[in-house]
There are 2 protein chains.
Amino acid sequence: MAQENTRDSILDAAEELMARRGYANTSMRQITGKAKANLAAVNYHFGSKEGMVAAMLDRRLEPLNRKRMELLEAEMEKARLEGRRPDIEMLLRALFEPILRFFRSSEGGGNFIKIFSQIHSDSDDTIRKHFLRHMIPVFMAFFTAFQEALPTLSPDKLAARIFFCIGSMAHAANILVNEKITTISSQLKVPMMSDPEGLMEELIQFNVRGLEIS
Amino acid sequence: MAQENTRDSILDAAEELMARRGYANTSMRQITGKAKANLAAVNYHFGSKEGMVAAMLDRRLEPLNRKRMELLEAEMEKARLEGRRPDIEMLLRALFEPILRFFRSSEGGGNFIKIFSQIHSDSDDTIRKHFLRHMIPVFMAFFTAFQEALPTLSPDKLAARIFFCIGSMAHAANILVNEKITTISSQLKVPMMSDPEGLMEELIQFNVRGLEIS
DNA sequence: GTCTATAAACTGATAGAC
DNA sequence: GTCTATCAGTTTATAGAC
């Protein structure tokens with residue numbers, strides 16, 4: 001986070017504040033205050049608060065989804081060459097494992113994960129609109145791949161199961177990051193898996209079992 | 001919704017507006033305007049906006065969680081009498097099926113489901129605080145029951161899997177209700193299961209497969 | 001219990017100097 | 001590209017009449 005330009009400082013501050021308070025509850029004054037930037041800088045760099053949020057999401061979602069599509073296409077190509085169906089576990093890894101990168105990265109990755117885990121079912125049109133623009137083509141590509149992996153499963157049941165997978169992932173990510181940021185889940189007197197890699201493995205195997213069987 | 005007192009009109013209006021816009025984005029003026037009540041009525045009846053939200057959640061979560069606990073205790077008692085472990089599928093039914101009641105009820109149940117599906121990972125402390133007060137004892141009771149059903153599974157893995165179940169449920173509920181309220185998920189060119197009962201059955205079987213196996 | 005009026009503070013956005 | 005000052009509108013909450 002050290003030695004940044006104003007633009008990136010603003011996006012980092014927005015990410016951190018919105019991770020905790022949400023979009024509507026975070027004001028431009030709070031953001032520019034934390035970023036040590038001038039209030040007018042947001043409008044200068046991004047045009048509006050909404051433009052700032054769009055830039056904040058683009059910065060994270062573009063590389064995330066590019067990696068997902070790379071891994072998806074690699075498995076589809078491998079399956080084609082080997083004359084087999086795409087493997088469900090490999091498809092789930094392509095969809096979920098690129099998220100781990102944000103847990104490892106020091107600079108603000110955890111803040112984005114918090115936003116990411118909520119945005120899948122956010123009530124705010126402003127923020128969900130930009131998220132869906134990134135996600136719809138990715139979802140469609142994965143849906144097609146899962147159809148090839150499970151050709152006898154009806155499309156509506158398959159779609160439902162993929163939504164179950166996404167929901168389980170989003171909730172797991174939220175729990176994992178809440179553990180770091182707030183003390184909420186510490187109210188639960190239950191042992192938590194706190195290493196992202198172990199939780200990811202458990203998540204993938206859980207969803208492999210849930211998905212298969214027509 | 002017809003012939004209500006001011007108090008209930010306000011809660012209904014709050015539920016409908018917050019389902020779409022979230023807590024921070026819904027003002028007391030919008031709520032009292034829709035409820036055809038005076039602005040000051042919120043403070044008179046509930047003390048504050050936060051008090052109103054607490055009342056809104058209590059009204060739905062108390063009967064929901066009471067039904068869940070009833071079903072849970074029925075299965076635990078039945079298992080005890082029959083000298084067997086509690087059945088995973090029955091535990092999931094106890095946790096999830098009472099939610100269906102809100103889809104069937106005409107008056108505003110769908111609005112609550114939208115709020116309910118997001119509150120599990122809401123960024124707003126105000127609303128999540130009141131939700132957790134209802135949920136923590138319920139979660140603990142179900143965690144204990146699942147431990148009896150899966151005694152060889154380590155507690156941290158079990159907790160993770162239960163969170164996966166909850167996440168899949170919350171996301172499925174959100175998708176189902178979004179389908180009704182907005183046109184967002186219609187952007188996905190994918191067939192959707194639109195009957196709550198069929199989706200619930202698919203959800204339960206998905207999570208039974210995911211949970212079992214130590 | 002319901003109303004009006006208003007307090008006190010906050011919001012996103014912009015004009016214009018430097 | 002950064003700054004101050006300000007606009008115009010919003011917010012929750014309350015005092016006090018009826």
Side-chain angles (χ1 to χ4, degrees), chain A residues 1-59 115 119 122-131, chain B residues 1-59 115 122-130:
Chain A
M1 291 239 208
Q3 297 290 61
E4 296 178 301
N5 58 30
T6 301
R7 201 188 132 96
D8 287 336
S9 299
I10 288 172
L11 294 182
D12 287 338
E15 218 165 46
E16 182 168 344
L17 288 167
M18 289 184 182
R20 277 207 294 268
R21 305 183 218 283
Y23 172 77
N25 234 337
T26 305
S27 71
M28 286 163 56
R29 281 173 175 79
Q30 291 173 306
I31 293 167
T32 51
K34 182 178 253 301
K36 299 193 205 312
N38 188 274
L39 173 61
V42 171
N43 291 287
Y44 174 78
H45 285 287
F46 307 107
S48 65
K49 187 185 181 185
E50 179 169 351
M52 182 198 63
V53 168
M56 181 187 88
L57 293 177
D58 289 351
R59 188 175 66 147
I115 293 169
I119 203 170
D122 204 289
S123 53
D124 198 294
D125 276 341
T126 310
I127 201 162
R128 191 178 49 202
K129 185 173 65 185
H130 293 286
F131 176 69
Chain B
M1 292 238 210
Q3 296 293 60
E4 297 178 301
N5 58 29
T6 301
R7 203 188 131 95
D8 286 336
S9 299
I10 288 172
L11 294 182
D12 287 339
E15 217 165 48
E16 182 167 345
L17 288 166
M18 289 184 182
R20 277 206 295 270
R21 304 183 217 283
Y23 173 76
N25 236 336
T26 304
S27 72
M28 286 163 54
R29 277 173 175 79
Q30 291 173 307
I31 293 167
T32 51
K34 181 177 255 304
K36 301 195 205 312
N38 188 274
L39 172 62
V42 171
N43 291 287
Y44 175 77
H45 285 286
F46 307 106
S48 65
K49 187 185 181 185
E50 179 170 351
M52 182 198 63
V53 168
M56 181 187 88
L57 293 177
D58 290 350
R59 189 176 64 149
I115 294 169
D122 204 288
S123 54
D124 198 293
D125 276 340
T126 309
I127 201 162
R128 191 178 48 201
K129 186 173 63 186
H130 293 287

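No hydrogens, no waters, no symmetry mates; every other heavy atom, side chains included, goes into these values. None of the values given here were measured: they were computed from a predicted structure. Quick note on labels: first sequence line is chain A, next is B, and so on, each numbered from 1.
- Using a 4.5 Å heavy-atom cutoff, the side chains of A:V53 and A:T126 are not in contact.
- Looking at residues two or more places apart in sequence or on another chain, you find a salt bridge (charged side-chain N to carboxylate O under 4.0 Å, His left out) between B:R59 and B:D12, B:E15.
- At distances below 3.5 Å, not a single donor-acceptor pair connects side-chain atoms of A:R21 with backbone N or O atoms of A:T26.
- The NZ-P distance, from B:K36 to C:dC3, rounds to 13 Å in whole Å.
- Contact check for A:Y44 versus A:N38: no side-chain heavy atoms found under the 4.5 Å cut-off.
- The distance from atom CD1 of B:I31 to atom P of D:dT10 is 16 Å, rounded to the nearest whole Å.
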Per-nt protein contacts along nucleotides 11-18 of chain C (heavy atom under 4.0 Å; B base, S backbone sugar-phosphate only, - none) come out as BBBB----
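- In this structure, the NE2 atom of B:H45 is 6 Å from the P atom of C:dG1, given to the nearest Å.
- Under the salt bridge (charged side-chain N to carboxylate O under 4.0 Å, His left out) criterion, the residue pairs touching residues 38-58 of chain B are B:E50-B:K129, B:D58-B:R133, with sequence neighbours excluded.
- Put simply, B:N38 has a side-chain N or O that comes within less than 4.0 Å of OP1 or OP2 on C:dT4.
- Taking NE2 of A:H130 as the start and CG of A:D125 as the end, the distance is 10.5 Å to the nearest 0.5 Å.
- Close to D:dT2, at under 4.0 Å from its OP1 or OP2, lies a side-chain N or O of A:T6.
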